[in-house]
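Remarks on the structure that follows.
From a predicted model like this one, the values you see are computed outputs, not experimental measurements.
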Amino acid sequence: MALTLYNTLTRRKEPFAPLNPPYVGMYVCGPTVYGDPHLGHARAAITFDVLYRYLTFLGYKVRYVRNITDVGHLEGDADEGEDKVLKRARLEKVEPIEIAQRYTALYHKAMDALNVLRPSIEPTATGHIPQQIAMIKQILERGYAYEVNGSVYLDVERYRQDFPYGILSGRNVEELLAGSRELEGQAEKRHPWDFALWKRAEPTHLMQWDSPWGRGYPGWHIECSAMSTHYLGVPFDIHGGGLDLVFPHHEAEIAQAHACYGEAAQYQARFWIHNNLVTIEGQKMSKSLGNFITIEEVFSGRHPKLSRGYPPMALRFLVLQAHYRSTLDFSEEALGAAYRAYLRLMNAYRRLGKVRPHMYSTFPVEAWREKVFAHLNDDLNTAAALALFFEQVDDILKLYRGEAFLTVEDLEKLRQTWREVLFDIMGLLPPQQVEWERWERLVNTLVQLRRQARSEKNFPLADFLRDELQRAGVKLLDFPDETLWEMQE
RNA sequence: GGCGACGUGGCCGAGCGGUUAGGCACGGGUCUGCAAAACCCUUUACGGGAGUUCGAAUCUCCCCGUCGCCUCCA
């Protein structure tokens, strides 16, 4: 059974096949680095991290490009207003690049903690101005754009004569026109829905470059078209991003690619994949609503909605427990539940490592493994795949206690599946236990001591040891013949 | 207004025509020095209405409600 993915372009699940096997080109819209990374960044990054990991696991040679936007997107409506990076720089009285560097570093730090792999290439918009200018020149030469006072706009009306516009987001220009507002500062544009490829810069503008049209800076969609096609060619296999980027950003990218490369661009990418958003109490998380939560706040617990901090894997697990195309409603209750569920799985994995093989198997490992991968292949349904692992937890205790059995081969296959799916593909990490081996020996000693105390009916001592272990995050499981233990926090 | 998504048991969340999803939390029992764990049991949902079907949470239609996009946003 092959991997199928939901393609926003066709609104269907389609079997995935690379254009040039075994190579896969994947481009994902990364963050605009002007603020702290938040839950939305985490979800998007984790979603495409899993896709990247899975494609790699399947044997594809993946070139994964995820950009850093450090210039271009404007604050507020239409074409006026201020670049967000610039605004932040002005407010903090530092160079724009300092803002970009600082928040890029914070983004990397958060992603590393969440065990999100770095992309193969992480290009910045400011580092690819020549590529953007070249693309704009090509679009002008082909007649799909016009220049006004040092700014260049994509001529959507002209473009529509040769290509459909609005396929990805399922809308047509007439509707857009009906819904669009007449805004200040649009006098330069021939039509309200035209969008800027290049903007003339005032002398005081902090970031500006030379161009054939004078000093200026790039429009807010061209960077992704330029960088993705520069590194991956046109068309490439997969373009990803958050659902909120479908329109206008990705629609504009498709238009730019067609305008530059013609029919050959074929919608720029074969698969357009979008992760759904994170909501807070049913509402979209956004700065304007004042309800956004940063990744660091989840880790530290320093947020009004949180009573304590949670480790990175709690957040990663929460994301994995929902399908990426569903909205994910965030709450401390959900996060805490995810964390406990994650620990339960990790304890079972640790115990699985100590199971001894038997002459025969009482459990169909291969069939189970196939079900797991069937879920992953079904548009990356990590939630359903994880459910199958939970169904294993009780069985693993039985295996460990000699109430169920597996042959050497089946046992290895089971362990392999846990490793591959949980760690390699889903990108989970075992709990951050300090020096696990020594810790384990120490705990075992205390557990033995308690067993002895109990056998001598020295219950005060036995309970003291149990309580102290509990406080250290060690939960005891008493069986008549032995005492097992597992980590809680 | 246009486009789109969704409404599942206390909470989170799979589900794509027919066997218990799963997680978290809760109750009862067995067990236990007391607990926890384990085991057993209880709980058994699908916004409302109509329709298709032998059979629908799953398909169709209508209604109600929530949310997203149409402006920067993952």
message = Under 4.0 Å, heavy atoms only, any strand: does A:K371 hit a base, just the sugar-phosphate, or nothing?
response = nothing
ask   = For B:rG10, which nucleotide in any strand shown is its Watson-Crick or wobble partner with both distances under 3.5 Å?
value = B:rC24
ask   = Can a side chain N or O of A:N347 be found less than 4.0 Å away from OP1 or OP2 on B:rA37?
value = no
query = Looking across every strand, which nucleic acid part, if any, lies under 4.0 Å from A:G40 by heavy atom: base, sugar-phosphate, or nothing?
reply = base
key: Face-on cation placement of A:R351 at A:Y349 ring, 6.0 Å and 45° thresholds   = no
query = Do other residues, nucleotides or ligands put more than 12 heavy atoms under 6.0 Å from A:F389 CZ?
reply = yes
ask   = Quick one: does A:Y52's side chain get under 4.5 Å of A:M26's, heavy atoms only?
value = yes
request  = Give A:E486 one of three labels, base, sugar-phosphate or nothing, depending on what nucleic acid heavy atoms sit under 4.0 Å from its own.
outcome  = nothing
Residue-phosphate contact under 4.0 Å: A:T327 side-chain N/O, B:rG68 OP1/OP2 = no
task = Just call it for A:R454: base, sugar-phosphate, or nothing, with non-hydrogen atoms closer than 4.0 Å on any strand.
result = base
B:rA45 to B:rG7 separation - C1' atoms, rounded to the nearest Å = 13 Å
key: Identity of whatever pairs with B:rA45 - Watson-Crick or G-U, under 3.5 angstrom   = none
ask   = Using a cut-off of 4.0 Å on non-hydrogen atoms, how would the nucleic acid contact of A:T47 be classed: base, sugar-phosphate, or nothing?
value = nothing
request  = Please give the nucleotide sitting opposite B:rG68 as a Watson-Crick or G-U wobble pair, both distances under 3.5 Å, or none.
outcome  = B:rC3
ask   = Contact class for A:L243 (heavy atom, under 4.0 Å): base, sugar-phosphate, or nothing?
value = nothing
request  = Using only side-chain N and O atoms of A:K475, determine if any of them is under 4.0 Å from OP1 or OP2 of B:rA35.
outcome  = no
inquiry  = Strictly by Watson-Crick or wobble contacts shorter than 3.5 Å, is anything paired with B:rC73, and which nucleotide is it?
reply    = none
ask   = How far, in whole Å, is B:rC16 from B:rC69 if one measures between their C1' atoms?
value = 25 Å
key: From CA spacing to verdict: side chain to side chain contact (heavy atoms under 4.5 Å, CB included), A:V355, A:L406   = CA-CA 9 Å; A:V355 170; A:L406 287 180; 5.9 Å; no
request  = Scan A:F459 against the nucleic acid and name what it touches under 4.0 Å (heavy atoms): base, sugar-phosphate only, or nothing.
outcome  = base
Side-chain-base donor-acceptor pair under 3.5 Å for A:D463 and B:rG33 = yes
task = Report which part of the nucleic acid A:T279 touches: base, sugar-phosphate, or nothing (heavy-atom distance under 4.0 Å, all strands).
result = nothing
query = Does any donor-acceptor pair link the side chain of A:R466 with the base of B:rC34 at a separation under 3.5 Å?
reply = yes
message = If you compare every side-chain N and O of A:S169 against the phosphate oxygens of B:rC70 (OP1, OP2), does one of them come in below 4.0 Å?
response = no
query = Which one, B:rC73, B:rC67, B:rA74, comes nearest to the side chain of A:K284?
reply = B:rC73
note = In Watson-Crick or G-U wobble terms, with both distances under 3.5 Å, the base opposite B:rU60 is B:rA50
message = Let's test your reading of the model: under 3.5 Å, does the base of B:rA35 pair with the side chain of A:D478 as donor and acceptor?
response = yes
query = So, A:E122 and A:H108: side-chain donor and acceptor under 3.5 Å apart, yes or no?
reply = yes
inquiry  = Under 4.0 Å, counting only non-hydrogen atoms across every strand here, what does A:R340 touch: a base, just sugar-phosphate, or nothing?
reply    = sugar-phosphate
inquiry  = Regarding A:V28, tell me which of base, sugar-phosphate or nothing describes its non-hydrogen contacts under 4.0 Å with the strands shown.
reply    = nothing
inquiry  = Please classify the nucleic acid contact of A:Q470 as base, sugar-phosphate, or nothing, using heavy-atom distances under 4.0 Å.
reply    = nothing
request  = Using a cut-off of 6.0 Å, state whether more than 12 heavy atoms not belonging to A:F479 lie near its atom CZ.
outcome  = yes
ask   = Touch check for A:P248, heavy atoms < 4.0 angstrom, all strands: base, sugar-phosphate only, or nothing?
value = sugar-phosphate
request  = Start with the C-alpha distance between A:F271 and A:H239, add both sets of side-chain angles, then the distance that settles ring pair (Phe, Tyr, Trp, His ring centres under 6.0 Å), and finish with yes or no.
outcome  = CA-CA 6 Å; A:F271 281 81; A:H239 190 127; over 10 Å; no
key: Nucleotide nearest A:L397 when distance is taken to its side chain, options B:rG13, B:rA38, B:rG22   = B:rA38
task = Would you mind classifying the nucleic acid contact of A:H274 as base, sugar-phosphate or nothing, using non-hydrogen atoms under 4.0 angstrom?
result = nothing
key: Watson-Crick or G-U wobble mate for B:rG17, both contacts under 3.5 Å   = none
message = Looking only at the side chain of A:W220 (C-beta and beyond, no hydrogens), which of the listed nucleotides B:rA38, B:rC72, B:rG22 gets closest?
response = B:rC72
message = Under 3.5 Å for both donor-acceptor distances, Watson-Crick or wobble: does B:rA37 have a partner, and if so which one?
response = none
inquiry  = Students often get this wrong, so: under 4.0 angstrom with heavy atoms, is A:L476 touching a base, only sugar-phosphate, or nothing?
reply    = base
